[in-house]
Each structure stands twice: as structure tokens, then as C-alpha cells.
Amino acid sequence: MATINDNYLKLKAGYLFPEIGRRVAAFAEANPDAPIIKLGIGDVTEPLPEACRTAMVRAVEDMGDRDSFKGYGPEQGYLWLREKVAQHDFQSRGCDIDASEIFISDGSKCDCGNILDIFGSNNSIAVTDPVYPVYVDTNVMAGHTGPANENGEYGGLTYLPISAENAFTASIPSEKVDLIYLCFPNNPTGAVASKEHLQAWVHYARAHGSIILFDAAYEAFITDPAIPHSIYEIEGARDCAIEFRSFSKNAGFTGTRCALTVVPKTLMGKAADGSDVALHSLWNRRQSTKFNGVSYIVQRGAEAVYSPEGQAQTKALIDFYMENARIIREQLTSAGIAVYGGVNAPYVWVKTPNDLSSWDFFDKLLHSCHVVGTPGSGFGAAGEGYFRISAFNSRDNVNEAMRRVTEKFRV
Ligand SMILES: *Cc1c(COP(=O)(O)O)cnc(C)c1O
């Protein structure tokens, strides 16, 4: 009989969101009239910007005409989109990134997992705790870890705890790690990294020959002008970092699918014979072999994000979510609950009141307020005692949820 990839058996069976679903379903069944508001999801709620829709409709028409029809596109993405990305997202911020270093894809989640194809199996890997689970699970699947312990921590991974005590920015490890996952603005904590913090990581990576895998999916939510949007705003990052970006959260493309990964041509990894090999050429080879590009229609939609109308409409979308975040922060604070994040990110990271566990607070919120959030412990052992509330929702739902919470909770 054919054998399987046994590494999959090490995975903790997707516990967090199924468990939330189970508890919400049980409550809803027992209380069919309770108007439940879900502030747990990491998905956008508002419709696609008009500029993107118009561009996609036009692109559909292109596909209906023999002269403008498009078959397979370049695996790396159309140059017109890569050039706009390079100019607007990087060069305009002083980052020395060329269009040829940008790879358009159908998602950052896939890219974060797929990138492991071009790395060896003996790298030591560091993640923060709490963490976006994709970084961990893809390494488990690739066989880069041992089994999980009772805390859900996998052998062989280096966990860097983040909490209110270190402003949710990990201290630089004392030992050498080869691959480091950083996500700023952070999911789930909503924290951001200062230029100095990123500089320290770049310095560490260059000193140890490590590579930083920098997830900037939420960069558009940064409101503080001093906070870097890209790792390439840091001098030296071209030689030690890959950056992941996505149209999912800034332009509402979670269901439309478009993202990008930056692999600078100067970024090197070590081959078994000790020679330096450009990761750009490996990623290009990987994408050309296993990927056939994002649809022309979707890339035209993504391109429209950079038009003047698209810029104004995506800004309005982000401002809308950030006003939700401000309301959540303000209301919870007024109820005496300590909150973090939510200023440069669409997530508010709540310290559970009265030292409740993450799951006890989840149950309390569900039962007394009919509001659903995400227990912090689901993102890692160090997330225990915290709780994630998402700003992705309608204004009415946010206002109503906060009204209920401030009514029931007075700490
Ligand atoms: C939503 C999100 C992404 C984007 O993923 P896509 O596959 O592009 O939709 C990437 N990283 C983090 C941490 C996210 O929360």
C-alpha cells in the first residue's frame, strides 16, 4: 500500500477554529434567539473597491475578444502589475526593490508554506509565541519538527514568547537560528515593530547568515508614520529577508486571491557543497514548475489598487476598519479591560479580565454577551490569558457588541 507523509500525523488536528465553531453551535442550539455577533474571524467583511471591480469587468471583456484574449500569463505575474507594486509599495518608501524581484501569487498563505520548498531540511527555525499557525504547521508538514508536547509546542522549533512585558516584540535569540518568521503588523496581537527592532533583527540575521521571512500582510493598516511598512526599509535587509504581501486585507481580496512575494536577487542561501546560491533563481524555478500564475482578470483588479481611485477607495476601506478598532479599544478600555494593538492593525489583543483563561473568557463573552472572539491560547501557549477581537465587521455589529460587553463587564 502507498505510504503517507507521516509528518501530517504530528499536526494538532486544527483545534482552534473547530472548537470555537463547536461551542458557538452548541450555544446557538440551546439559545436559538440569541443574536450572536462574530468578532473572531480574520476575514474582511466589506465589498471590493469599485476601482477593482471595474478593472476586472474590463478584463473579462478583454478575454472575450480574440485580439485581447490572454492564455497562460507569466508565472511571476504580469510586468505591468509587478512594476506598479515595485514603485508604489517599495521604491516610494526608499526600498531598493526591482519589479523583477516581485513574484505575484494567489496568496500569502500559500507562499508562506511553499517557500519551504527552496530551503533545506536541517535549518533551525524560530517563530513567535503566539503565532500565525501557518508558519508552524507548514514546517511540521515538511518534516522540520519533532512531535508536539502537551502544550502544543513542536520539538525542534524555537519559540520566542511575546507578551505585554516585551511589548509583543520578541527579544533577539542568543542562539543561532537559520529561518525566522516575523509578522508585522502582527496577527494575532496587533503589535508593530519599530525601525530599531527590525534593525536589530536584520543585524542578527546578517551576523548569523539567517533569513527573515517577513509577513507584511497588514502593512496598509499602519497609521503611525514612524513604523516601517517593509523590512526593506531597513538597511541590509536585501541580503537577509524575503517579504510576503497580500491584497487580501488592504483591498478585500480574501475571496478574489492575489498576493506577492519579494525575493531580492542579492539574497543567498548555502548549498551542500558550501557555495552560495541565489534564492531568487530557486524561487523562480519553483514557481515556473509548480505554478501557472494568477488569472489575468484578478491581476487587473489588483493593478487598480494603485490607480488614484483605487488608492482612495482602499484607504477608505482601511479607515473604516480602523475606526471599528478604535471603537473596540475605547469601549473595552472604558470597561476597565486592558487592550493592546488595534492602532496599526485590525486586531485588538485583549488581556482577559480577572485572570480568566482565554477559553473561560470566550465562554463568558459568548454566554453573557453573545459575542464571539478568538482565545489567545489558540495561537500558542504564551497567548494564554489573552483574547483576539477582530475589527473586520460592520459598524452596527461592532457598536452593538461593544454595548453588550461594556454593559456586562465592569472590571
Ligand atoms: C490574512 C493573512 C495573510 C494573507 O493571506 P492570503 O493567503 O494572501 O489571503 C497572510 N498572513 C497573515 C498573518 C494573515 O493574517
Side-chain angles (χ1 to χ4, degrees), residues 14 16-17 20 39-46 48 52 77 81 85 89 102-116 126-139 160 162 168-170 179-193 212-222 229-231 241-262 287 291 293-295 298-299 301-302 305 314 317-318 321-322 325 341-342 344-349 373-374 376 378-380 383 388-393:
L16 178 60
F17 289 98
I20 291 174
L39 297 178
I41 37 167
D43 194 0
V44 298
T45 53
E46 302 310 300
L48 277 182
C52 301
L81 177 55
V85 171
D89 288 338
I102 289 162
F103 294 83
I104 306 297
S105 79
D106 59 348
S108 274
K109 184 177 178 174
C110 345
D111 285 355
C112 284
N114 292 337
I115 201 76
L116 295 177
V127 294
T128 63
D129 176 10
V131 67
Y132 179 53
V134 174
Y135 312 147
V136 172
D137 289 359
T138 52
N139 275 290
L160 309 171
I162 53 175
F168 303 98
T169 47
L179 295 178
I180 304 137
Y181 288 86
L182 295 179
C183 176
F184 289 115
N186 189 255
N187 179 7
T189 66
V192 283
I212 297 168
L213 300 171
F214 191 78
D215 186 343
Y218 296 97
E219 62 76 30
F221 295 84
I222 293 173
H229 287 238
S230 167
I231 188 82
I242 289 173
E243 182 163 306
F244 303 98
R245 291 257 182 139
S246 175
F247 294 94
S248 282
K249 311 294 167 37
N250 65 335
F253 272 50
T254 53
T256 307
R257 312 305 304 143
C258 198
L260 58 109
T261 289
V262 185
Q287 290 298 80
F291 185 59
V294 176
S295 98
V298 168
Q299 290 192 64
V305 166
T314 48
L317 209 50
I318 289 160
Y321 291 127
M322 291 314 288
N344 296 291
Y347 297 118
V348 177
W349 190 241
T374 313
F379 298 99
R388 191 187 77 175
I389 294 187
S390 158
F392 292 127
N393 219 309

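Whatever order the structure lists ligands and atoms in, that order sets their numbers, starting from 1.
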ask   = When the ring planes of Phe392 and Tyr347 are compared, do they come out parallel, tilted or perpendicular, using 30° and 60° as the limits?
value = perpendicular

note = Smallest heavy-atom separation, Ala251 atom then Thr314 atom, equals CB-CG2, 3.8 Å

request  = Within a distance under 4.0 Å of any heavy atom of Lys109, pick out the atoms of ligand 1 and give their elements.
outcome  = 5 (O), 6 (P), 7 (O)

query = Under a 4.0 Å heavy-atom limit, does Tyr218 contact ligand 1 with its side chain, its backbone, both, or neither?
reply = side chain

message = Within the 4.0 Å heavy-atom shell around Ser248, which atoms of ligand 1 are there?
response = 6 (P), 8 (O), 9 (O)

Nearest-neighbour protein heavy atom for atom 14 (C) of ligand 1, which is reported as residue plus atom name and distance = Lys249 NZ, 3.3 Å

Beyond-backbone contact of Tyr181 with Asn139, side-chain heavy atoms, under 4.5 angstrom = yes

inquiry  = Please determine whether any non-hydrogen atom of Thr254 lies less than 4.0 Å from an atom of ligand 1.
reply    = no

message = Below 4.0 Å, non-hydrogen atoms only: which portion of Ser108 touches ligand 1? Side chain, backbone, both or neither.
response = both

task = Report the nearest protein non-hydrogen atom to atom 7 (O) of ligand 1: residue, atom name, distance rounded to 0.1 Å.
result = Arg257 NH2, 2.7 Å

task = Check each atom of ligand 1 against the heavy atoms of Gly107 and keep those under 4.0 Å away; list them by number with element.
result = 7 (O), 8 (O)

task = Compute whether any side-chain donor of one residue and acceptor of the other, for Arg245 and Asn250, lie under 3.5 angstrom apart.
result = no

key: Numbering as shown, the atoms of ligand 1 that approach Ala217 to under 4.0 Å (heavy-atom distance)   = 3 (C), 10 (C), 11 (N)

query = Looking at ligand 1, does any of its N/O atoms fall within less than 3.5 Å of an N/O of Ser246?
reply = yes

request  = Could you find the nearest protein heavy atom to atom 11 (N) of ligand 1 and give me its residue, atom name and distance?
outcome  = Asp215 OD2, 2.7 Å

